[in-house]
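Here the structure is laid out as structure tokens; the discussion comes afterwards.
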Amino acid sequence: MIHITLPDGSTKTFDDTPTGVDVAQSISEGFARSCVAMEINGQMRDLYQKIPEDAAVRLITTKDPEALEILRHSAAHVMAQAVLRIYKDAHLTIGPVVEDGFYYDIDMGPLSEDDFPKIEAEMRKIVKAKLPIRRKTVSKSDALAFYQDEPYKLEMIEDLPDGTISFYEQGEFTDLCRGPHLPHTGFVKAFKLMKTSGAYWRADQNNAQLQRIYGTAFFDKKELKQHLAFLEEARKRNHRKLGERLDLFSFHDEAPGMPFFHAKGMIIWNTLLAYWREAHRRAGYVETKTPIMLNRSLWERSGHWENYRENMYTSSIDEMDYAIKPMNCPGGMLLYASKPHSYRELPLRQAEIGLVHRHEMSGVLSGLFRVRAFHQDDAHIFMTPDQIEGEILGVLRLVEEIYSTFGLGFHLELSTRPEKSIGTDEQWAQATDGLRKALDAYGREYKINEGDGAFYGPKIDVHIKDALGRTWQCGTVQLDMSLPERFDLNYVGQDNEKHRPIMIHRVIYGSIERFFGILTEHFGGKFPLWLAPVQARLLPINDELAPYANEVKAFLEAGGLRVETDDRTESLNRKIREAQLEYVPLILTIGAKEKAAGTLSVRTLDGAVQYGVPQDDFLARTLAHIRDRRPDLEILKD
RNA sequence: GCCGACGUAGCUCAGCUGGUAGAGCAGCUGAUUCGUAAUCAGCAGGCCAGCGGUUCGAGUCCGCUCGUCGGCUCCA
């Protein structure tokens with residue numbers, strides 16, 4: 001007799017060892033059909049596995065979040081099966097589930113997206129056949145024998161611990177896999193192959209290049225459709241497109257990966273920096289600036305010449321080697337070391353909007369997200385060991401203040417000591433402890449990435465979440481135990497002895513270029529009033545009213561608004577349409593009525609119009625919205 | 001750097017199996033003076049990314065280079 005306890009506390013009793021299917025069917029046939037897997041005492045299992053003893057069982061239905069991963073894993077198998085049917089000499093490697101779907105890396109000839117329809121058609125056949133997916137376990141030696149012609153699988157099995165190894169079978173297809181999987185292939189109804197790319201076996205460039213095929217899958221077609229609609233929305237918000245349409249920035253073949261910012265883009269840029277400077281001044285930072293090009297000896301001292309040289313632009317002048325800085329820190333170290341420091345000066349918060357160049361590989365460039373020349377909103381904070389916690393906390397509070405201004409949520413991740421690292425155990429313990437204490441004091445939950453820190457110190461990464469729910473790592477706080485040593489930094493303590501300061505690097509926007517791109521997509525090009533390059537556009541209804549419109553413009557400009565007059569001889573409808581498409585937040589039409597009454601009719605981007613708004617009132621409200629740097633576009637609503 | 005896709009007017013794109021480049025929008029000129037998302041007409045605009053090859057003939061086919069995009073990789 002086997003007693004099964006269900007999540008609601010009820011128990012079912014079985015004479016024989018039941019499978020998950022039996023348990024599900026004991027509840028109802030309909031329910032059983034929606035089950036895809038089960039959790040036995042917290043362990044994910046296939047529905048068809050036997051339950052040998054009394055256990056707590058939770059049946060996983062298509063509605064459970066865990067089910068999606070299982071589905072996608074099985075979808076990867078269905079795809080692999082289809083590929084093997086079409087490409088007889090293909091060799092499978094690995095096929096995991098990823099955030100939005102799955103992929104499978106396959107050793108085969110080059111593939112293009114034009115090949116997808118026939119693979120998808122084959123997949124549909126497999127789905128339609130509702131092939132049962134069954135687990136079997138074999139010994140390691142049998143597994144090796146089974147895969148004698150599959151070098152990648154052999155390598156994977158070699159790495160597995162001795163003992164039984166599980167395989168999954170569906171029809172003629174068998175794959176090495178931990179599982180769990182769906183009961184049958186019929187669940188994989190809503191899937192789509194998304195893209196292909198090259199990928200290296202074990203992510204190593206020296207290994208064979210494989211074909212990676214990405215796909216996604218959902219339990220029902222509606223969800224798949226929603227997902228595709230989301231991708232479409234993201235595509236529409238693409239900052240490269242918006243940047244061109246809104247005349248913000250451009251790229252040119254003459255300087256790949258190095259953006260040109262246009263007049264309107266620079267207004268946003270300068271506004272972002274003005275805000276940044278204001279917030280940093282309040283937080284007790286000083287601003288500094290160091291050169292872009294520095295002598296080789298500096299980079300040898302910092303270690304970059306040895307470790308980062310392939311990414312640096314170098315030049316030879318007067319028989320001396322120079323490098324354009326890929327990071328600001330070495331310059332910042334020189335600045336600190338340029339005079340003696342007392343403990344009384346610490347913490348010293350030394351900020352710098354630094355222009356850095358990194359020679360990224362040509363294939364990775366991507367709009368403003370991945371460039372070769374960019375500005376970091378860098379800061380180096382020098383402090384005593386007992387200031388670590390307070391300073392980190394200060395950075396986290398500043399991070400929160402700045403991101404929330406843009407309506408961006410965020411979460412934190414702490415990365416600890418990696419295998420390859422410098423410094424003593426004590427130093428790492430002290431440094432990591434400092435970060436952890438600051439995080440705990442800050443009070444938000446954070447994720448820990450063990451062993452993911454830089455070799456020179458632990459770090460906290462800040463991941464922001466944009467309006468589409470996508471996350472981006474922007475801010476980072478890194479404790480550096482290497483550079484103060486290499487540059488022999490010190491301060492004189494209360495004891496009149498020299499001490500080594502603790503130093504952190506931190507950025508909040510990260511790369512200003514990248515942050516600009518993220519904001520463009522976050523707002524979908526509809527920048528909030530305080531950032532909008534043109535805050536208001538005046539549209540005189542006819543040519544006679546143009547002089548008056550320019551008077552109003554002068555009035556609003558004197559108040560501090562960025563205003564344009566569209567006094568072209570064009571129809572009002574056209575002017576409105578164009579202003580809307582340029583995402584000018586406030587579209588002000590001026591007709592005889594407005595002139596007579598000293599009012600404005602105000603159209604906002606949602607298309608709503610408020611007539612008869614007194615000019616003073618309009619100016620006061622927009623200025624208040626700007627002053628508060630509100631991220632919304634509800635400008636004249638309270 | 002690697003795999004795949006792509007590169008035609010400022011922008012979006014058409015150009016069939018090779019026969020000497022086309023549209024819409026933007027621009028310019030003129031007319032229209034307009035009340036909340038495109039007024040009308042005319043004109044101009046291209047070394048078809050670059051270089052080389054095949055061919056009587058190349059935007060179309062082939063090779064190389066550059067750039068862009070999606071991935072891989074890297075990220076002191």
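- Listed by chain and residue number, A:Y152 satisfy the ring pair (Phe, Tyr, Trp, His ring centres under 6.0 Å) test with A:W201 (two or more places apart in sequence, or in another chain).
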Atom pairs under 3.5 Å: protein N/O with N/O of nucleotides 11-13 of chain B:
from: B:C11; atom 1: O3'; to: A:E244; atom 2: OE2; distance (Å): 3.1
from: B:U12; atom 1: OP1; to: A:K241; atom 2: NZ; distance (Å): 3.1

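- Comparing B:U32, B:G71, B:U73 by their closest approach to the side chain of A:V364 singles out B:U73.
- On a pure distance criterion of 3.5 Å, a polar donor-acceptor pair joins the side chain of A:R577 and the base of B:A38.
- Across all strands shown, A:K575 has no heavy atoms under 4.0 Å from either base or sugar-phosphate atoms.
- Straight-line distance between the C1' atoms of B:G24 and B:C2: roughly 39 Å, to the nearest whole Å.
- Under 4.0 angstrom from either OP1 or OP2 of B:A38 there lies at least one side-chain N or O belonging to A:N573.
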(message) Pairs counted only when both distances fall under 3.5 Å, Watson-Crick or G-U: show me the 5' to 3' dot-bracket for RNA chain B, [ ] for pseudoknotted crossings and | for other-strand partners.
(response) (((((((..((((.....[..)))).(((((.......))))).....(((((..]....))))))))))))....
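- When heavy atoms are screened at a 4.0 angstrom cut-off, A:E594 is found touching base atoms of the nucleic acid.
- Across the P atoms, B:G63 and B:A23 are found 33 Å apart, a figure rounded to whole Å.
- Between A:W472 and A:F369, the ring-plane angle classifies as tilted under the 30° and 60° cut-offs.
- Counting any heavy atom pair closer than 4.0 Å across all strands shown, A:Y214 reaches sugar-phosphate atoms only and no base atom.
- Using a 4.0 Å heavy-atom distance criterion, A:S366 is classed as a sugar-phosphate-only contact.
- Residue A:M361 places its side chain closer to B:G1 than to any other of B:U33, B:G70, B:G1.
- Note that A:R72 lies outside the cation-pi zone of A:F102, set by a 6.0 Å cut-off to the ring centre and a 45° limit from the axis.
- Screening residues 592-612 of chain A for salt bridge (Lys or Arg N to Asp or Glu O under 4.0 Å) gives A:D606-A:K637 as the qualifying pairs, with residues at least two apart or on separate chains.
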Every protein N/O lying under 3.5 Å from an N/O of nucleotides 42-48 of chain B:
none

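- If you take atom C1' in B:G10 and the same atom in B:G46, they sit 12 Å apart, rounded to whole Å.
- The phosphate of B:C3 has neither OP1 nor OP2 within less than 4.0 Å of any side-chain N or O from A:R212.
- Contact annotation: A:R603 reaches the phosphate of B:A37 (side-chain N/O to OP1 or OP2, under 4.0 Å).
- Heavy atoms of A:Y611 sit under 4.0 angstrom from at least one base atom.
- Among the heavy atoms of the strands lying under 4.0 Å from A:L581 is at least one base atom, whether or not backbone atoms are also near.
- At a threshold of 4.0 angstrom between heavy atoms, the contacts of A:A592 include nucleobase atoms, whether or not backbone atoms are also involved.
- Side-chain nitrogen and oxygen atoms of A:R372 include none within less than 4.0 Å of the OP1 or OP2 phosphate oxygen of B:C75.
- In this structure, the ring pair (Phe, Tyr, Trp, His ring centres under 6.0 Å) partners of A:H359, at least two apart in sequence or on a different chain, are A:Y313.
- Straight-line distance from the CG atom of A:L539 to the C1' atom of B:A38: 14 Å, rounded to whole Å.
- The gap from the P atom of B:G67 to that of B:G30 amounts to 44 Å, rounded to the nearest Å.
- Of the possible donor and acceptor atoms, none in the side chain of A:S421 sits under 3.5 Å from a partner among the backbone N and O of A:R417.
- At least one side-chain nitrogen or oxygen of A:R240 sits closer than 4.0 Å to the OP1 or OP2 atom of B:G70.
- Between the A:R470 side chain and the A:K465 main chain, no donor and acceptor come within less than 3.5 Å of each other.
- Atoms CD (A:E570) and C1' (B:C28) sit 13 Å apart, rounded to a whole Å.
- The structure places CG of A:L588 at 12.0 Å from CG of A:D566, a figure rounded to the nearest 0.5 Å.
- Residue-level contact check: A:A199 touches the backbone only, with heavy atoms under 4.0 Å from sugar-phosphate atoms and none from bases.
- A:M327 comes within 4.0 angstrom of the backbone, heavy atoms only, and of no base.
- Using atom C1' as the reference point in both B:U8 and B:A31, the two lie 34 Å apart (nearest Å).
- Taking only side-chain nitrogens and oxygens, A:S571 comes nearer than 4.0 Å to OP1 or OP2 of B:U39.
- Comparing B:C3, B:U36, B:U68 by their closest approach to the side chain of A:P256 singles out B:U68.
- Among the candidates A:K575, A:R245, A:K526, A:R537, the single residue satisfying the salt bridge (Lys or Arg N to Asp or Glu O under 4.0 Å) test with A:E582 is A:R537.
- In this structure, of B:C3, B:G1, B:U36, it is B:U36 that holds the atom nearest to the side chain of A:S601.
- B:G35 and B:C47 have their C1' atoms separated by 49 Å, given to the nearest Å.
- Base engagement by A:D543 is indicated by at least one non-hydrogen atom pair under 4.0 Å involving a base atom.
- Separating the C1' atom of B:C62 from that of B:U54 is a span of 7 Å, rounded to the nearest Å.
- If you check distances only, the side chain of A:Y200 does reach the base of B:G1 with a donor-acceptor pair under 3.5 Å.
- Among the protein residues, A:Q211 comes within range of the sugar-phosphate backbone only, with heavy atoms under 4.0 Å from sugar or phosphate atoms but none that close to a base.
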